[in-house]
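From a predicted model like this one, the values you see are computed outputs, not experimental measurements. Chain letters run A, B, ... following the sequence lines, proteins first and then strands; every chain starts at 1.
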Amino acid sequence: MISITLPDGSIKQFDQKPSGMDVALSISQGLARDCVAMELDGRLVDLGQIIEKNAAVRLITTKSPEALEIMRHSAAHVMAQAIMDIYPDAKLTIGPVIENGFYYDVDMQPVSEEAFSKIEAQMKKIVKAKVPIKRRRVSKNEAMEFYRDEPYKLEMISALEDASISFYEQGNFTDLCRGPHVPHTGFVKAFKLMKVSGAYWRADQSNAQLQRIYGTAFFDKKQLKSYLHFLEEARKRNHRKIGKALDLYSFHDEAPGMAFFHPKGMAIWNELLDYWRKEHRDAGYVETKTPIMMQRFLWERSGHWENYRENMYISSIDEHDYAIKPMNCPGGMLLYGRKHHSYRDLPIRAGEVGLVHRHELSGVLNGLFRVRAFHQDDAHIFMTPDQIQDEILGVLKLVERIYGTFGLGFSLELSTRPEKSIGTDEQWEIATQGLESALKQYGKDYKLNEGDGAFYGPKIDAHIKDALGRTWQCGTVQLDMALPERFDLSYIGQNNEKHRPIMIHRVIYGSIERFFGILVEHFAGKFPLWLAPVQVGILPINDELAPLAQNLAQDLQRAGLRTETDHRSESLNKKVREAQLNKIPLILTYGNKEKESGTVSVRTLDGNVKHGIPVPDFIKEVQANIKERKLEMDLFSR
RNA sequence: GCCGACGUAGCUCAGCAGGUAGAGCAGCUGAUUCGUAAUCAGCAGGCCAGCGGUUCGAAUCCGCUCGUCGGCUCCA
């Protein structure tokens with residue numbers, strides 16, 4: 001007699017050792033059809049597994065959060081089977097589940113996406129046949145024998161410590177796998193192959209290059225469709241596309257990975273920085289600027305020459321080596337070190353919007369997201385050990401304020417001491433404690449990444465979440481125990497003795513270029529008024545009114561608004577259409593009515609039009625919205 | 001850097017069994033003077049990324065270079 005405890009606490013009795021499927025069937029047929037696996041005493045296993053003793057069982061249905069991963073893993077097997085059917089000489093390696101699907105790395109001749117339809121067709125056949133997926137345990141020796149011609153599988157097996165190993169079989173296809181898997185291939189209903197790329201065996205460039213084929217899968221077609229729709233939406237928002245369409249920035253072969261900002265892009269850029277400066281002034285920061293090119297001996301002292309030279313642009317001038325800065329910190333150290341500091345001066349919060357250059361690999365460049373030249377909204381804070389908590393807290397609050405202005409949510413992660421690190425235990429203890437207690441005091445949940453800190457200190461990262469729910473690591477607060485040492489920084493303490501200051505680097509936008517790109521995608525080009533490159537578009541209804549419209553434009557410009565007048569001899573319809581496509585938040589049409597009454601008619605991007613707003617009222621409301629940097633356009637709602 | 005795809009007018013793209021480049025939009029000119037998402041007509045615009053090769057002939061085929069995009073972190 002076997003007793004199975006279900007999640008609701010009820011107990012089912014079985015005369016014979018049941019499988020998960022038997023448990024499901026004992027509840028209902030429908031449930032059994034919908035089950036993909038079970039959790040047996042806290043472990044995810046196949047539904048077909050026989051339960052040997054009394055146990056707690058939770059059935060995993062297609063609606064359970066774990067189900068998708070299990071099914072996607074099975075989908076990877078279905079894809080592998082299809083590939084083997086079509087390319088019998090291919091050698092399989094690994095095929096894990098990833099965030100939005102799965103992939104399989106296969107040693108085979110390079111394939112392109114053209115092969116997808118063939119592979120997908122074969123997969124469909126396998127899915128349609130609802131081939132049972134069966135688990136089989138074999139000894140290590142048996143497994144080695146089975147895979148004698150499969151070098152990758154052999155390598156994996158020999159690395160396994162378990163004495164016996166599990167195989168999964170579906171029809172003529174067998175794969176080494178830990179499982180669990182869905183009961184049969186019919187569960188892989190809605191799938192699509194997404195892309196293919198090269199990847200190295202064990203991610204090591206000296207190993208063979210494999211074909212990595214990516215796919216995604218869902219339990220029903222509707223979910224797959226909505227995922228594809230999401231991708232489409234993201235594609236439409238692509239900042240490279242929008243940046244071109246709205247004339248914000250461009251890239252040129254003459255300077256790969258380095259953005260050129262156009263007048264309209266600069267309008268946004270300057271707003272971002274004006275805002276940044278205001279917030280930092282209010283938070284007690286001063287601003288500095290250090291050269292972008294400095295002599296080799298500085299970089300030797302900071303350690304960059306030894307550890308970061310690969311990524312640095314280096315030049316020789318008058319027979320001396322110079323490097324273009326990849327980071328702002330060494331310059332900041334020189335500024336701190338140029339005079340004596342008293343404990344009374346601390347904390348010193350020195351901001352620097354510094355232009356840095358890093359020679360990233362050509363293949364990783366990606367619009368504004370990954371560039372070789374970018375500005376960091378850096379700041380270095382120098383302080384005494386007992387100021388750590390307050391200072392970190394101050395940064396976290398600033399982070400919250402600034403992201404909030406853009407309507408961006410965020411989450412925090414704390415990374416602690418890695419294996420390879422400098423500094424004493426005590427220093428790490430004080431530093432990590434400081435970050436932790438600041439986080440506690442701040443009160444927001446955070447994720448702990450043990451051992452993920454930099455070798456020179458622990459850090460807190462801020463990940464923002466954009467309008468599509470995608471996350472981006474932007475802000476970071478890093479404690480640095482190396483640089484104050486290397487530059488022999490000090491302050492005179494209360495006891496009249498020299499002490500080493502604690503130093504943090506922190507950024508909030510991170511890379512301004514990248515943050516810019518994120519904002520473009522976050523807002524899909526429809527910037528809030530304060531950021532919009534053209535805030536007001538003026539459309540005279542006919543050519544005769546154009547000069548008067550120009551006067552109106554001047555009045556608005558004097559009031560500090562960025563305006564653009566469309567005085568072409570085009571139809572009003574066309575001007576409206578283009579203004580909408582250019583995402584101008586306030587579109588004013590100017591005709592005889594407006595001329596006579598001294599009012600404006602305002603069209604907003606949602607297509608709503610309000611007539612008869614007196615020009616002074618318009619200016620006042622718009623200025624207020626801009627001044628408060630509002631996200632919403634709640635103008636003229638009276 | 002590596003693998004794959006790609007590079008044609010300012011933009012979006014067609015042309016690619018090798019026969020000497022085309023559309024729409026934007027621009028310019030003219031007509032139209034318009035009340036909230038494309039008025040009409042005409043004109044102009046390209047060393048087909050660059051270099052080399054194959055060929056009687058190359059945007060088209062081949063090689064190299066440059067650049068762009070998707071990957072190269074997810075460990076049975």
Selection from [options] that lies nearest to any side-chain heavy atom of [X]:
X: A:I98; options: B:A37, B:C74, B:C72; result: B:C74
X: A:K153; options: B:A76, B:G70, B:A26; result: B:A76
X: A:M156; options: B:G35, B:A37, B:A76; result: B:A76

Sticking with atom [atom1], work out how far [N] lies from [M], rounded to a whole angstrom.
N: B:U12; M: B:A58; atom1: C1'; answer: 26 Å
N: B:C48; M: B:A9; atom1: C1'; answer: 10 Å
N: B:U20; M: B:G27; atom1: P; answer: 33 Å
N: B:C61; M: B:A76; atom1: C1'; answer: 45 Å
N: B:C40; M: B:G46; atom1: P; answer: 26 Å
N: B:A59; M: B:C3; atom1: P; answer: 28 Å
N: B:G70; M: B:C34; atom1: C1'; answer: 47 Å

Salt bridge or not between A:R237 and A:E233? Use side-chain N to carboxylate O under 4.0 Å. yes
Between A:F167 and A:Y147, what is the ring plane arrangement, given parallel below 30°, perpendicular above 60°, and tilted in between?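 Ring orientation of A:F167 relative to A:Y147: perpendicular.
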Decide yes or no, distance alone: a donor-acceptor N/O pair under 3.5 angstrom between the base of [N] and the side-chain of [X].
X: A:R212; N: B:C3; answer: no
X: A:R568; N: B:A26; answer: no
X: A:D543; N: B:U33; answer: yes
X: A:E594; N: B:G35; answer: yes

Is [X] near enough to [N] that one of its side-chain N or O atoms lies under 4.0 angstrom from OP1 or OP2?
X: A:R603; N: B:A37; value: yes
X: A:R240; N: B:C69; value: yes
X: A:T589; N: B:U36; value: no
X: A:K244; N: B:U12; value: yes
X: A:S571; N: B:C34; value: no
X: A:R577; N: B:A38; value: no
X: A:K195; N: B:G71; value: yes

Mind checking if A:G367 touches a base, just sugar-phosphate, or nothing, with heavy atoms under 4.0 Å? sugar-phosphate
Mapping A:N542 and A:V196 to their closest nucleotides on RNA chain B, which lands nearer the 5' end?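 Here A:N542 is the residue nearer the 5' end.
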Quick check: on RNA chain B, is the nucleotide nearest A:E570 upstream (toward 5') of the one nearest A:Q211, or the reverse? Name the residue that is more 5'.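 With A:Q211 and A:E570 compared, the 5'-side residue is A:Q211.
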Taking the six-membered ring of A:F218 as reference, does the NZ or CZ atom of A:R72 fall below 6.0 Å from its centre and within a 45° cone about the axis?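 Yes, A:R72 lies over the aromatic ring of A:F218.
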Face-on cation placement of A:R212 at A:Y103 ring, 6.0 Å and 45° thresholds: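 Yes - A:R212 lies over the ring of A:Y103, closer than 6.0 Å to its centre and within 45° of its axis.
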Of A:T589, A:I587, A:L588, which meets side-chain contact (heavy atoms from CB on, under 4.5 Å) against A:S601?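 In the set A:T589, A:I587, A:L588, the residue that makes a side-chain contact (heavy atoms from CB on, under 4.5 Å) with A:S601 is A:T589.
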Between A:N366 (CG) and B:G71 (P), how many Å, whole number?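 Whole-Å distance recorded here is 8 Å.
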Does any non-hydrogen side-chain atom of A:Y152 lie less than 4.5 Å from one of A:D105?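 No - every pair of side-chain heavy atoms lies 4.5 Å or more apart.
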